[in-house]
Amino acid sequence: MMSGHSKWHNIQKKKGVTDARRSREFTVVARSISAAVKKAGITDPNQNPSLRLALEKARAVNMPNHNIERAIRRGSGKSESGQALEEILYEAYGPHGVGFLVLVHTDNKQRTGSEIRNLFSKSGGALAGPGAAAYLFKAIDGEYEVSIPLSLDESQFESIDSLVVELEEHDDVDGVWYNGVYA
């Protein structure tokens with residue numbers, strides 16, 4: 001008997017990789033749907049060409065209709081329950097002293113705040129108070145540009161990158177900016 005080798009184990013491993021890739025694809029497409037609705041303020045794809053294009057991308061990756069509808073609701077500022085979403089900009093410091101800005105839209109700021117705090121604490125970082133990390137960035141048209149970069153080596157940058165991936169996979173997170181640069 002061969003220990004640790006089974007057909008089920010191989011299938012399970014391949015499925016995990018495939019599911020992770022599909023999840024990332026769905027996240028990217030859902031963000032583009034929400035952004036198209038938010039930008040134009042129109043939920044009808046016949047009147048919103050960028051939404052129509054985003055919906056075509058969603059169908060190309062076989063995104064379920066429920067996920068598409070949820071992304072449209074989020075873009076129009078409504079949650080699953082129909083209540084308005086609140087926009088919050090979290091400031092934090094990640095591993096190696098890297099400053100972060102995390103933009104979220106949520107219907108429950110207690111839950112989201114706790115989840116974001118947990119992601120940072122697992123990676124060796126922490127949430128900070130207002131203004132603690134914002135000075136590291138310049139706001140330009142709703143986006144943020146690094147004004148004070150922090151040089152990182154390869155291993156440090158990889159740990160930051162894994163935190164960024166975890167943050168971006170969170171349903172409520174709409175944007176992540178950080179001042180760490182690979183030197």
Side-chain angles (χ1 to χ4, degrees), residues 16-39 50 53-54 57-58 61 63 67 70-71 73-77 79 84-183:
V17 170
T18 304
D19 288 349
R21 187 182 71 246
R22 287 187 72 205
S23 174
R24 284 191 298 273
E25 289 174 346
F26 288 177
T27 301
V28 169
V29 172
R31 285 209 178 104
S32 66
I33 292 171
S34 294
V37 171
K38 195 179 297 181
K39 184 178 178 184
S50 57
L53 180 64
K57 288 179 185 175
V61 296
M63 186 173 187
N67 293 19
R70 184 172 55 223
R73 276 197 303 275
R74 285 186 61 78
S76 63
S79 69
L85 294 174
E86 186 175 354
E87 181 178 284
I88 303 169
L89 183 66
Y90 289 105
E91 298 181 37
Y93 281 94
H96 316 294
V98 174
F100 280 82
L101 295 179
V102 181
L103 179 67
V104 300
H105 286 89
T106 182
D107 60 346
N108 185 338
K109 64 182 180 181
Q110 297 295 330
R111 172 188 47 81
T112 301
S114 174
E115 291 170 353
I116 299 297
R117 183 178 299 108
N118 185 34
L119 288 174
F120 275 102
S121 65
K122 280 193 323 187
S123 68
L127 286 181
Y135 75 94
L136 300 169
F137 304 89
K138 289 185 284 192
I140 301 171
D141 295 330
E143 295 288 319
Y144 294 91
E145 186 177 291
V146 176
S147 59
I148 304 175
L150 178 64
S151 296
L152 302 172
D153 65 29
E154 186 176 356
S155 66
Q156 292 172 328
F157 192 77
E158 286 175 5
S159 66
I160 296 299
D161 195 43
S162 66
L163 173 60
V164 170
V165 168
E166 285 186 54
L167 288 167
E168 288 177 340
E169 287 178 352
H170 191 282
D171 285 340
D172 294 340
V173 174
D174 287 330
V176 178
W177 297 271
Y178 56 98
N179 74 328
V181 293
Y182 180 64

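Side-chain atoms are counted along with the backbone in the values below, which use heavy atoms only and exclude waters and symmetry mates. Along the sequence shown, residues are numbered consecutively beginning with 1.
- Distance alone, capped at 3.5 Å, places no donor-acceptor pair between the Thr112 side chain and the Lys109 backbone.
- A ring-ring contact (aromatic ring centres under 6.0 Å, His included) with Phe100 is found for exactly one of Trp177, Tyr144, Phe120, namely Phe120.
- A search for side chain to side chain contact (heavy atoms under 4.5 Å, CB included) contacts involving Val146 returns Phe137, Pro149, Asn179, not counting sequence neighbours.
- Annotation: side chain of Val61 is not in contact with side chain of Arg22 (no heavy-atom distance under 4.5 Å).
- The shortest non-hydrogen separation linking Val37 to Gly75 is CG1-C, 3.6 Å.
- The main-chain N or O of Lys138 is never found under 3.5 Å from a side-chain atom of Glu145 such that the two would form a donor-acceptor pair.
- Residues Ala58 and Ile33 share a closest heavy-atom pair of CB-CD1, 4.1 Å.
- Closest non-hydrogen pair, Leu163 versus Gly94, comes out as CD2-CA, 4.4 Å.
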Fill in: Derivation and outcome, side chain to side chain contact (heavy atoms under 4.5 Å, CB included), residues His170 and Val104
CA-CA 9 Å; His170 191 282; Val104 300; 5.8 Å; no

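- Heavy atoms only, all atoms of each residue included: Ala30 and Ala71 are closest at O-CB, 3.7 Å.
- Although no hydrogens or angles enter the test, the distance criterion places a donor-acceptor pair under 3.5 Å between the side chain of Arg31 and the main chain of Val173.
- Contact between Ala36 and Ser50 at its shortest, heavy atoms only, is CB-OG, 3.5 Å.
- Under the 4.0 Å criterion applied to side-chain N and carboxylate O atoms, Asp171 and Arg70 are not assigned as salt-bridge partners.
- At least one donor-acceptor pair under 3.5 Å links the side chain of Ser147 to the backbone N or O of Leu136.
- The residue from Val181, Val98, Val165, Leu150 that alone fulfils the side chain to side chain contact (heavy atoms under 4.5 Å, CB included) condition with Ile160 is Val98.
- Distance check, rounded to the nearest 0.5 Å: CD of Glu158 to CG of Asp153 gives 9.0 Å.
- His96 approaches Ser159 most closely through the heavy-atom pair NE2-OG, 3.0 Å.
- Atom CG of Leu167 sits about 12.0 Å away from atom CG of Asp172, to the nearest 0.5 Å.
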